[in-house]
**Student:** 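Attaching a single structure in structure tokens format; questions to follow.
All heavy atoms count here, side chains included; hydrogens, waters and symmetry mates do not. A, B, ... follow the sequence lines: proteins, then strands. Residue 1 opens every chain.
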Number of protein chains: 2
Amino acid sequence: MSTTRPTKSPYHHGDLRRAILTAALDVIAADGPSALSLRDLARRAGVSHAAPAHHFKDRTGLLTAIAAEGFGLLAGAIGEAADLKDAGVRYVRFAREHPAHFQVMFAPELLRDGDLELTTSRALATDALRGAVSAVPPEGRGPDARLAGVAAWSLAHGFATLLLGHNLDGAVGERDPEEVFRVLASMLFRPAPA
Amino acid sequence: MSTTRPTKSPYHHGDLRRAILTAALDVIAADGPSALSLRDLARRAGVSHAAPAHHFKDRTGLLTAIAAEGFGLLAGAIGEAADLKDAGVRYVRFAREHPAHFQVMFAPELLRDGDLELTTSRALATDALRGAVSAVPPEGRGPDARLAGVAAWSLAHGFATLLLGHNLDGAVGERDPEEVFRVLASMLFRPAPA
DNA sequence: GAGGCAATCTTGTCAGTGTCAAGTTGTGGA
DNA sequence: TCCACAACTTGACACTGACAAGATTGCCTC
């Protein structure tokens, strides 16, 4: 009776948790987190309206799980970066490939504050960013390495956010956003004037 | 019977529209737009549950009005900027002083697309930003003036967003965020190496 | 100043939602 | 085989946004 079941069904539904997560990501990417309805997700998965609660407790739990997953993915992406500029490019790429995760990750009022899984995966991502910053030679960053990280994060985060909100459609035009960001990043980190 | 009425009462309530806007800004600043309830706002203003609808039509209308007001305020702030760095500082200051406006302004899925008031006030803000960019001497910005504007906007927007989300508490610490941003801005726009 | 009109607000209602409690079904281990 | 537990269902409740229709109030005109 189910629509898209992954052939095997170890439990009643198959993998309801994943099914609901995926459906939620679709909805959020299309219409934002506020358009999310647990009952609608249950309907899409072909289960009863209260089934999602067993996997995520409540709405906040679902969104927290999404955010945690997002930070894990982001940490993985940044961890493989060659240098800081590459890390920024990967940050922007992550936001474009996982817009729903990205939105939820930075909407703290939608998340469960003390959640362990969220805290650890966020720490992982922060560490990855710190690692990329510390790889920059001292003459490339300013006097304060901490602020160099803030600058890089701000630039990448702002660009990604504005991009997803279609605020840069005119300025970026047909160009590849990642290439545009490379230009921005090279404006930020270049040797100080003689 | 009303709690805080501005002495005069030109209509039934006084100024219900403003009262609801103000209450909405309080709620959003505290718990985000998703915590907003029209019925709750009506309760706070001491009116019936359907009263807000007459001023804003629906939830989207209320949020659209807030966004339009925000872009108007932002345009005014940036319009008075001395140079691009100052415009960035004012952008960050605006976000800190009007966090609710700022959040809503950049949540397009919560807004009425074609709204006239929103479109015009947003255009005003965009023009103000463009003006600040064009005031930068050519050697300070890169080859493409358009991209210089994108870089400045991205840096300011990212910094403001991360700041409001308490993602920079550790890095900024006790320092004045505006001063921190000045440092970031001077990293972005400095003469090209010889 | 009296009457009418439109803006403002109220009352009532409906479908939809999140969340809780209690019951049912299926699974894997002893 | 049986039992404990996880996965899910059913039912209920308070709350919400939205709509329709009615009541009230201030203003404008004559």
Side-chain angles (χ1 to χ4, degrees), chain A residues 1-24 27-28 30-66 104 107 109-112 115, chain B residues 1-24 27-28 30-66 104 107 109-112 115:
Chain A
M1 63 177 82
S2 180
T3 54
T4 47
R5 162 147 50 174
T7 61
K8 59 171 181 172
S9 73
Y11 294 114
H12 304 176
H13 169 275
D15 191 355
L16 182 57
R17 186 185 156 90
R18 201 3 88 186
I20 290 186
L21 278 173
T22 305
V27 172
I28 295 171
D31 300 320
S34 60
L36 198 111
S37 152
L38 290 181
R39 288 174 108 106
D40 177 50
L41 298 179
R43 245 173 269 131
R44 293 179 185 228
V47 295
S48 79
H49 63 91
H54 194 269
H55 292 275
F56 302 103
K57 168 143 180 86
D58 55 13
R59 224 180 103 97
T60 302
L62 170 58
L63 291 166
T64 302
I66 290 176
V104 175
E109 71 275 6
L110 300 178
L111 308 178
R112 186 105 53 208
D115 186 84
Chain B
M1 62 179 84
S2 179
T3 55
T4 48
R5 162 150 48 177
T7 63
K8 60 174 180 173
S9 72
Y11 294 113
H12 304 176
H13 169 275
D15 192 355
L16 182 57
R17 185 185 156 90
R18 198 7 85 186
I20 289 186
L21 278 173
T22 305
V27 173
I28 295 171
D31 300 321
S34 60
L36 197 106
S37 151
L38 291 181
R39 289 176 109 105
D40 178 50
L41 299 179
R43 245 174 269 131
R44 293 178 185 229
V47 295
S48 79
H49 66 247
H54 195 269
H55 292 274
F56 302 104
K57 171 146 176 85
D58 56 12
R59 226 181 100 97
T60 303
L62 170 58
L63 292 167
T64 302
I66 290 176
V104 174
E109 72 275 5
L110 300 179
L111 308 178
R112 187 106 50 208
D115 186 84

**Student:** Find the distance B:D40:CG to D:dT16:P and express it as a whole number of Å.
**Tutor:** 7 Å
**Student:** If you look at every heavy atom in B:L38 and B:P52, which pair is closest and at what distance?
**Tutor:** O-CG, 4.0 Å
**Student:** Quickly work out the A:I20 CD1 to C:dG18 P distance and round it to whole Å.
**Tutor:** 12 Å
**Student:** Would you say B:H54 reaches C:dC9's phosphate, i.e. side-chain N/O to OP1/OP2 under 4.0 Å?
**Tutor:** no
**Student:** I need the minimum non-hydrogen distance between A:T60 and A:R112, along with the two atoms involved.
**Tutor:** CG2-N, 3.5 Å
**Student:** Between C:dC9 atom C1' and B:L38 atom CG, what is the distance in whole Å?
**Tutor:** 15 Å
**Student:** Between B:S37 and D:dC15, does any side-chain N or O lie under 4.0 Å from OP1 or OP2?
**Tutor:** no
**Student:** Does OP1 or OP2 of D:dT10 have a side-chain N or O of A:S48 closer than 4.0 Å?
**Tutor:** no
**Student:** Counting only side-chain N and O atoms of B:H55, is one of them less than 4.0 Å from OP1 or OP2 of C:dC9?
**Tutor:** yes
**Student:** Take the protein atom CG of B:L63 and the nucleotide atom P of D:dG17, then report the distance between them rounded to whole Å.
**Tutor:** 11 Å
**Student:** Whether the side chain of A:R59 and the base of C:dT17 hold a donor-acceptor pair under 3.5 Å is what I'd like checked.
**Tutor:** no
**Student:** Provide the closest heavy-atom pair for A:V27 versus A:A35 in the form atom of the first, atom of the second, distance.
**Tutor:** CG1-O, 3.8 Å
**Student:** Can you tell me the distance, in whole Å, between the CG atom of A:L41 and the P atom of C:dG18?
**Tutor:** 8 Å
**Student:** Run the numbers on A:L36 and A:D31 for side-chain contact (heavy atoms from CB on, under 4.5 Å), then give the verdict.
**Tutor:** CA-CA 8 Å; A:L36 198 111; A:D31 300 320; over 6 Å; no
**Student:** Round to the nearest Å and state the distance from A:D58 atom CG to C:dC20 atom P.
**Tutor:** 7 Å
**Student:** Starting the side chain at C-beta, find the nucleotide from D:dC19, C:dT17, D:dT9 nearest to A:R43.
**Tutor:** C:dT17
**Student:** Between the base of C:dG16 and the side chain of A:H49, is there a donor and acceptor pair under 3.5 angstrom?
**Tutor:** no
**Student:** Expressed in angstrom and rounded to an integer, what is the separation of B:L16 atom CG from D:dT24 atom C1'?
**Tutor:** 15 Å
**Student:** Taking atom P of C:dT19 as reference, at what distance in whole Å does atom NZ of A:K57 sit?
**Tutor:** 9 Å
**Student:** If every non-hydrogen atom of A:P33 is compared with every non-hydrogen atom of B:E109, which pair is closest and at what distance?
**Tutor:** CD-OE2, 4.2 Å
**Student:** By the 4.0 Å heavy-atom rule, please label A:R17 as base, sugar-phosphate, or nothing.
**Tutor:** nothing
**Student:** For A:L62, answer base if it contacts any base atom (sugar-phosphate contacts may also be present), sugar-phosphate if it contacts only those atoms, and nothing otherwise; contact means non-hydrogen atoms under 4.0 Å.
**Tutor:** nothing
**Student:** Can you tell me whether the side chain of A:R39 and the base of C:dG18 have a donor-acceptor pair closer than 3.5 Å?
**Tutor:** yes
